Amino acid sequence: MKLSLVLSTHQAQFEAVALKGDFEANVARIAAWGYDGVELAIRDPALVDADALTRVVSEHRLGVPAIGTGQAWGEEHLSFTSDDATVRAAAIARIQGHIPLAERFSAVIIIGLIRGITPQRQSHDRSMAYFREAMQACGEAAHGTSVRFAIEPLNRYETDLIHSAEQGLAFLDDVGMVNVGLLLDTFHMNIEERSLESSIRACGERIFHFHVADSNRWYPGAGHLDFASIVATLREIGYRGWISGEFMPKPDASIAAQRAIAHMAPLLQP
Ligand code: LER
Ligand code: MN
């Protein structure tokens, strides 16, 4: 298992991104701190120079395990479950637009808040049907590539659509595509799961990506989650993917990133 850190390619509003601002300088700092990769938060792949990105991350010998897509909801309100068909189509096109870059980096495409929140006067069932159709359209668009999508259960304060690992697994069965799996995030799990370890075991090989933050969404080690047990359980299920730090820049970005790796790296030794 390798360790990465979430980094936005552009200025972003989402608060649990430790580093914002000058991209190249941040990539250099992340590499110097000992991380193996950067998870890229990208609002719109059309605004990204893929060759320049590749050059920067490869110069620093970093991998790109995942592409985060939630800014398209946060900043443009694109949503798979909007009651406006034009918005739904734009959200699907936006996610499909990440496929070439994801393929280049062997990165998973994260499906977080792009699923949206059920609008007033729309039923939850209707939203789940739209969500399923959107995932099938994305899964089909990636057919014949190595790209996979990871749906992230998010806590109840962020969306009404899929809070827990159990709901995530049931949804995967509905979607029925091999290139669609789950992303588990310890911050959300701490709110929604009975036991983080049992949920990790239940998801098994359907875990395509993993986010770490402590119970307070500070860096691992700043709260009360047991990362030794979490990592041991990931090992037990044979997880070979990445662990990505997604936490708040507190007390500041640089301290948070360095304390996170100091806490996690010893647990990841073979
Ligand atoms: C994104 O990975 C995440 O965890 C969410 O909290 C975004 O809203
Ligand atoms: Mn997350």
Side-chain angles (χ1 to χ4, degrees), residues 1 3-20 35 37-43 64-81 91 94-95 98 102 107-118 127 131 135 148-165 167-168 171 180-193 196 199-200 203 206-220 222-223 225 227 230 234 239 241-250 256-257 260 264:
M1 283 178 266
L3 204 54
S4 57
L5 188 66
V6 175
L7 176 64
S8 185
T9 53
H10 294 79
Q11 285 294 341
Q13 286 162 18
F14 178 47
E15 62 176 3
V17 177
L19 289 160
K20 301 174 189 175
Y35 285 89
V38 273
E39 175 183 318
L40 298 176
I42 301 178
R43 177 169 68 76
V64 178
I67 296 175
T69 60
Q71 289 172 20
W73 158 264
E75 292 172 33
E76 293 175 72
H77 258 74
L78 296 187
S79 159
F80 282 169
T81 58
R94 178 64 60 85
I95 294 303
H98 286 284
V108 303
I109 298 174
I110 296 174
I111 306 297
L113 271 176
I114 193 71
R115 63 179 167 276
I117 300 172
T118 298
S127 296
F131 189 9
M135 286 319 306
R148 303 187 302 165
F149 300 87
I151 298 170
E152 182 174 23
L154 298 172
N155 75 71
R156 66 192 69 184
Y157 306 109
E158 296 196 21
T159 178
D160 61 317
L161 304 167
I162 305 185
H163 301 144
S164 65
Q167 291 167 346
F171 184 65
V180 181
L182 296 179
L183 154 55
L184 298 183
D185 179 327
T186 56
F187 168 72
H188 299 295
M189 296 180 87
N190 180 56
I191 296 170
E192 298 294 346
E193 308 294 335
L196 278 72
S199 297
I200 291 169
C203 292
R206 301 179 94 172
I207 304 177
F208 287 2
H209 193 52
F210 202 82
H211 277 168
V212 286
D214 218 317
S215 48
N216 44 13
R217 217 170 206 185
W218 283 45
Y219 57 85
L225 293 186
F227 286 97
I230 290 164
L234 286 169
Y239 180 68
W242 288 68
I243 295 183
S244 215
E246 183 191 52
F247 42 77
M248 298 199 292
K250 302 243 174 118
M264 295 302 296

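Whatever order the structure lists them in is the order used to number ligands and atoms, beginning at 1. All values derive from a computational prediction rather than experimental measurement.
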| query | When you look at R217 and E246, which way does the side chain to side chain contact (heavy atoms under 4.5 Å, CB included) test go after all the steps? | reply | CA-CA 8 Å; R217 217 170 206 185; E246 183 191 52; 3.2 Å; yes
| said: If the cut-off is 4.0 Å to any non-hydrogen atom of L113, which atoms of ligand 1 fall inside it? | reply: 8 (O)
| Main-chain N/O of P153 paired to Q167 side chain as donor or acceptor, under 3.5 Å | no
| task | Please check if the side chain of T159 supplies one atom and the backbone of G116 the other of a donor-acceptor pair under 3.5 Å. | result | yes
| note | Per-atom filter on ligand 1: closer than 4.0 angstrom to a heavy atom of D185 are 4 (O)
| Judged by atom type as modelled, is there a donor-acceptor pair below 3.5 Å linking the side chain of H211 to the main-chain atoms of S244? | no
| said: Checking contacts here: is it the side chain or the backbone of I110 that comes within 4.0 Å of ligand 1, counting heavy atoms only? Could be both or neither. | reply: neither
| remark: One finds that the ligand 1 atoms under 4.0 Å from a non-hydrogen atom of H211 are 2 (O)
| query | Between atom CG of L40 and atom NE2 of H98, what is the distance when rounded to the nearest 0.5 Å? | reply | 10.5 Å
| task | Name whichever N, O or S atom of H211 ends up nearest to the Mn ion (ligand 2). | result | ND1
| query | What atom name does the N, O or S atom of D185 nearest to the Mn ion (ligand 2) carry? | reply | OD2
| With respect to the Mn ion (ligand 2), what is the nearest N, O or S atom of E152? | OE2
| task | Tell me which N, O or S atom of E246 sits nearest to the Mn ion (ligand 2). | result | OE1
| Within the distance-only criterion (no hydrogens, no angle test), does the side chain of R115 pair as donor or acceptor with the backbone N or O of E152 below 3.5 angstrom? | yes
| request: Using a 4.0 Å heavy-atom cut-off, say whether R217 meets ligand 1 through its side chain, its backbone, both or neither. | output: side chain
| field | Plane angle bin for F247 and Y219 - parallel if under 30°, tilted between 30 and 60°, otherwise perpendicular | value | perpendicular
| task | Using a strict 4.0 Å cut-off to heavy atoms of E152, name the atoms of ligand 1 that fall inside it. | result | 1 (C), 2 (O), 3 (C), 4 (O)
| Contacting atoms of ligand 1, where contact means under 4.0 angstrom from a heavy atom of E158 | 5 (C), 6 (O), 7 (C), 8 (O)
| request: Anything under 30° is parallel, anything over 60° is perpendicular, the rest tilted; go ahead and classify W73 against H77. | output: tilted
